[in-house]
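Comments concern the structure below.
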2 protein chains.
Amino acid sequence: MGSLTEAPATGASPAEDAGNRRGDILRAAGKLFREKGYKATTIRDIAAAVNMRSGSPFYHFKTKHDMLLAVAIDGIAAIHDAVVAAAQAEPEPRSRFRAMIHAHLDALLNPEGRDFAAVVIRECGFLDPEAWAQVQTHKDSYEVLWSRTLDELAAAGILKGDMHITRLLLLGAMNWSTHWYHPGGSRSPEDIARQLCALVLSDEKARYKK
Amino acid sequence: MGSLTEAPATGASPAEDAGNRRGDILRAAGKLFREKGYKATTIRDIAAAVNMRSGSPFYHFKTKHDMLLAVAIDGIAAIHDAVVAAAQAEPEPRSRFRAMIHAHLDALLNPEGRDFAAVVIRECGFLDPEAWAQVQTHKDSYEVLWSRTLDELAAAGILKGDMHITRLLLLGAMNWSTHWYHPGGSRSPEDIARQLCALVLSDEKARYKK
DNA sequence: CCTACCGATCGGTAGG
DNA sequence: CCTACCGATCGGTAGG
């Protein structure tokens, strides 16, 4: 998984990086989709953002819808990869949970990738059923990561109750941060991650740490 | 506060309820805005939903934008009123917190009002600056309710850390439920509220309750 | 990748 | 509240 607009998704020569216009378009589209929404973003907006004329983006993407799909797929891939990497480094459930929250928020809020991530989260409703199913498959496999760790935490008595609802609430708390987080503000993604952990882990261990 | 489309916002005769078309339009607009988004919803969609021709909604609202504003204002008013009522009945911070979570989720997810509530939460970005400021004023006064109770919980040692971030995370967890909650599903708004409380309140009291 | 353009749709209006 | 319609915009295409 993971491509984030490096190269032709089709089998063209990957060596030729000379001005990756497809990637430029995707990044511009991601930014505009996040800022104004998919419907309110115009092909002309996107073209202007990469110094093209209005018809030219269609040389790289068949439709505007295809751009949304490409942004969404790259978006989940980025989140998925970041969280998998963070999770694999931590065998102990509680630390793994912390690392995953950290990684998810970072993927969601850091300057690179935040456009893609926000689009997955907020604009997927505009995909047609087939494309949506494709994205949903990726989302499902991502959520399994969370379910596994949450179930372990429940088994250890660290969390209680319905882990299905808990997962949705946790991801919601994080995903919603795309609505209020401002890059330059006084709270960093790390601050947010720490506070979320403090909120849901009673964490005797940390309190009584030697 | 609170009107939820009963009657003319202007000073017309409130007695004459004979076919409240303005309210019909607002409810239809709210539903469509939530389902398809503001931009993707057409005046013609709204008109069709209330059996009018495409030009007629403009007899009741000057612009589509004004419909969004009206829906948004009614939306926050409904949430605000519900949470105030719930909070006033509970002097003890912990029970008040539970009641507020319950009330917020119920306002957000119950069949009446969920369209309005979801629109406040998701579509306000399409308001122009002046209208947005108007809505923001209402939102601010709503968030004060939460800040007060969260600060009390922090003072009592029940919650820890940055209550500003905590408030945003909590409201995020709840507001996000508009994306995944399905009215007929196996989890009720009450289930969600209970689970959220269990997640963030360690709640010795309940565990050891006689 | 640009020029030139089409067909459809959309918010909104006039006039009743 | 309807009929009829306008001006603008938009996604997309042809032809180079």
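Throughout, a chain's letter reflects where its sequence line sits, starting with A, and its residues are numbered from 1. None of the values given here were measured: they were computed from a predicted structure.
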Worksheet item: Partners of Y142(B) by side chain to side chain donor-acceptor pair (under 3.5 Å), sequence neighbours excluded?
Response: H104(B), W146(B)

Under the salt bridge (Lys or Arg N to Asp or Glu O under 4.0 Å) definition, can you give me all pairs with a residue in [range], not counting sequence neighbours?
range: residues 30-42 of chain B; answer: K31(B)-E35(B), R34(B)-D115(B), K36(B)-D45(B)
range: residues 127-148 of chain B; answer: E143(B)-R167(B)
range: residues 179-196 of chain B; answer: D162(A)-R187(B), D191(B)-R194(B)

Worksheet item: Is there any ring-ring contact (aromatic ring centres under 6.0 Å, His included) pair reaching into residues 40-61 of chain A, and which pairs are they, with sequence neighbours excluded?
Response: none

Worksheet item: Of all residues at least two apart in sequence or in a different chain, which pass the ring-ring contact (aromatic ring centres under 6.0 Å, His included) check with H102(A)?
Response: none

Fill in: For F126(A), all residues meeting ring-ring contact (aromatic ring centres under 6.0 Å, His included), sequence neighbours excluded
Y38(A)

Worksheet entry | Y59(A) OH - dT3(C) C1' separation (whole Å) | 17 Å

Worksheet item: R53(B) has an atom CZ; how far is it from atom C1' of dC2(D), in whole Å?
Response: 8 Å

Worksheet entry | Footprint string (nucleotides 9-16 of chain C, 5' to 3'): B base within contact, S backbone only, - free, heavy atoms under 4.0 Å | -BBBB---

Worksheet entry | Structure string for DNA chain C in dot-bracket form, Watson-Crick and G-U at under 3.5 Å, | interchain | ||||||||||||||||

Discussion item. When you compare the side chain of F97(B) with that of V200(B), does any pair of heavy atoms fall below 4.5 Å?
Written reply: yes

